[in-house]
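First up is the structure itself, then whatever we jot down about it.
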Number of protein chains: 2
Amino acid sequence: MSSENLETREKIMRATWKLLEESGGSGVRMSDIAKAAGISRQAVYLHFPTRADLLTGTARYMDEVRNIDERLAASRKAKGTNRLDLWVEAWGNYIPEIHGVGRALIAMRDTDEAAAAAWNDRMQAVRHGCEAAVTALKSAGRLMPDYSVEQATDLLWALLSVEMWEKLRFECGWSQTAYVSAMQKMARDSLVS
Amino acid sequence: MSSENLETREKIMRATWKLLEESGGSGVRMSDIAKAAGISRQAVYLHFPTRADLLTGTARYMDEVRNIDERLAASRKAKGTNRLDLWVEAWGNYIPEIHGVGRALIAMRDTDEAAAAAWNDRMQAVRHGCEAAVTALKSAGRLMPDYSVEQATDLLWALLSVEMWEKLRFECGWSQTAYVSAMQKMARDSLVS
DNA sequence: TGTCAACTTTACACGGTGTCAAGCAAAGGA
DNA sequence: TCCTTTGCTTGACACCGTGTAAAGTTGACA
């Protein structure tokens with residue numbers, strides 16, 4: 001019953017995850033997801049009223065499975081410049097895992113208010129991570145004097161955006177490790193005095 | 001006849017431009033454009049077979065009207081670091097003018113091959129501008145030694161992307177002048193040794 | 001035996017893009 | 001003057017993907 005319910009719900013989210021990962025986040029229809037989950041299209045709507053609900057549910061589910069909090073914990077313990085490096089690395093290496101769902105949510109932003117809100121909410125969490133890293137820099141007296149904490153946070157957050165990652169990884173053909181080290185260097189060069 | 005033809009074509013592109021500018025690049029339908037141009041929806045399809053054609057046609061038209069080549073000429077004459085600053089400024093101040101159409105093309109990329117190709121083509125031109133600025137830096141012996149010309153070009157190009165501009169201007173609420181000077185500084189800090 | 005919950009099947013509304021075909025009005029040439 | 005061409009209009013319709021609605025099936029459990 002309720003366990004069956006949960007199992008189906010999970011099957012749907014796993015199918016969504018898998019398909020979006022394979023497709024790079026586009027061209028995945030509700031019917032494709034239903035088929036991949038081995039249920040009818042209507043059953044998907046029984047669990048997720050709209051596409052945006054399914055996407056945000058899946059995103060939440062992924063964070064849960066991948067245990068995002070724990071993975072970002074290491075960077076929280078470090079200080080100053082080191083903390084910046086660790087944060088960029090932790091988040092930078094998380095992007096590929098959420099990219100499919102992220103791409104789909106980003107694409108829906110223009111037309112769907114709920115999708116926009118969900119994605120903004122998640123990006124706000126990333127912003128907090130950026131802010132913490134910048135504040136640590138400031139505390140260590142190493143923040144580039146030209147920037148306020150807020151400005152530096154904005155810059156770091158924009159630098160670490162999924163869009164930037166997509167550009168460098170796919171359009172420029174960079175490897176994931178090249179991406180991470182370049183972002184670390186760029187963040188250091190731009191924000192550390 | 002032929003002049004009438006051209007006039008209508010231009011009316012359509014002007015209407016497209018205006019509506020996309022007003023809306024920020026989303027939620028503009030073919031029927032909206034037709035209405036704004038004062039003609040029937042079918043007449044639009046007589047001049048532009050698909051939405052992607054209309055968008056790319058309008059983008060080209062805008063470059064023509066705004067005389068993009070001339071505006072970027074100044075930066076081409078400068079040398080070394082100065083050239084980088086001028087390039088960032090010239091392109092950075094051009095973004096707001098093309099943003100509406102750009103946003104619409106970006107949104108279509110996921111589903112429409114032609115839109116993707118058109119936008120990539122235009123961004124390739126920007127990349128050339130970035131490459132020229134980086135090469136000038138290299139010639140002056142001021143390019144950050146860690147980067148090859150290609151890597152530095154990729155970074156600068158990603159930094160100057162429309163997506164980055166949108167994030168800082170709208171999501172972070174920066175002014176256009178704040179955006180330009182921050183990008184200049186960031187490009188200098190990251191790419192100049 | 002009966003009921004409830006989860007799921008299936010079928011059908012349909014809606015919005016946006018793109019197609020098709022018939023018609024109309026004005027310009028221009030014979 | 002008539003006829004053709006050109007540029008546009010009008011109206012209908014196909015297609016696709018999302019989301020809704022309703023009736024029917026199946027299995028668990030009391």
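Each chain gets a letter, A, B and so on, in the order its sequence line appears, and its residues count up from 1.
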Item to complete: Compare side-chain N and O positions of H47(B) against OP1 and OP2 of dG7(D) and report whether any pair is under 4.0 Å apart.
Response: no
* Would you mind classifying the nucleic acid contact of T50(B) as base, sugar-phosphate or nothing, using non-hydrogen atoms under 4.0 angstrom? => sugar-phosphate
task = May I ask you to decide whether R29(A) forms a salt bridge with D32(A), counting only side-chain N to carboxylate O separations under 4.0 Å?
result = yes
R9(A) atom CZ is separated from dC7(C) atom P, nearest whole Å, by 12 Å
Does one side chain, of Y61(A) or R9(A), offer a donor that lies under 3.5 Å from an acceptor on the other? no
Can you tell me if S75(B) uses its side chain to pair, donor with acceptor, with the backbone of L72(B) under 3.5 Å?
-> yes
Please work out if L46(B) contacts a base, only the sugar-phosphate, or nothing of the nucleic acid, heavy-atom cut-off 4.0 Å.
base
Of the candidates dT17(C), dT8(C), dT18(D), the side chain of M30(B) sits closest to dT17(C)
Rounded to whole Å, NZ of K35(B) lies from P of dG16(C) at a distance of 11 Å
With the side chain defined as heavy atoms from C-beta on, Y45(B) is closest, among dT9(D), dT19(C), dG16(C), to dT19(C)
Checking dT9(D), dT9(C), dC8(D) against the side chain of Q42(A) (C-beta onward), the nearest is dT9(C)
To the nearest angstrom, the CD1-P distance between I39(B) and dC24(C) comes to 21 Å
In whole angstroms, the gap separating C1' of dA6(C) from CD of E7(A) amounts to 12 Å
Quick note, R51(B) side chain, CB onward, closest among dC8(D), dC7(C), dT17(C) is dT17(C)
Problem set entry | Geometric cation-pi criterion, K167(A) with Y179(A): 6.0 Å, 45° | no
note: F48(B), atom CZ; dG18(C), atom P; distance rounded to Å ~ 13 Å
Separation of dG17(D) atom P from M108(A) atom CE, nearest Å, is 15 Å
query: Does any N or O donor sit under 3.5 Å from an N or O acceptor when you compare the side chain of R41(B) with the base of dG18(C)?
result: yes
To the nearest angstrom, the CZ-C1' distance between R29(B) and dG15(C) comes to 9 Å
In whole angstroms, the gap separating C1' of dG16(C) from CD1 of I33(B) amounts to 12 Å
Less than 4.0 angstrom from a charged side-chain N to a carboxylate O is my criterion; do R76(A) and E70(A) meet it? no
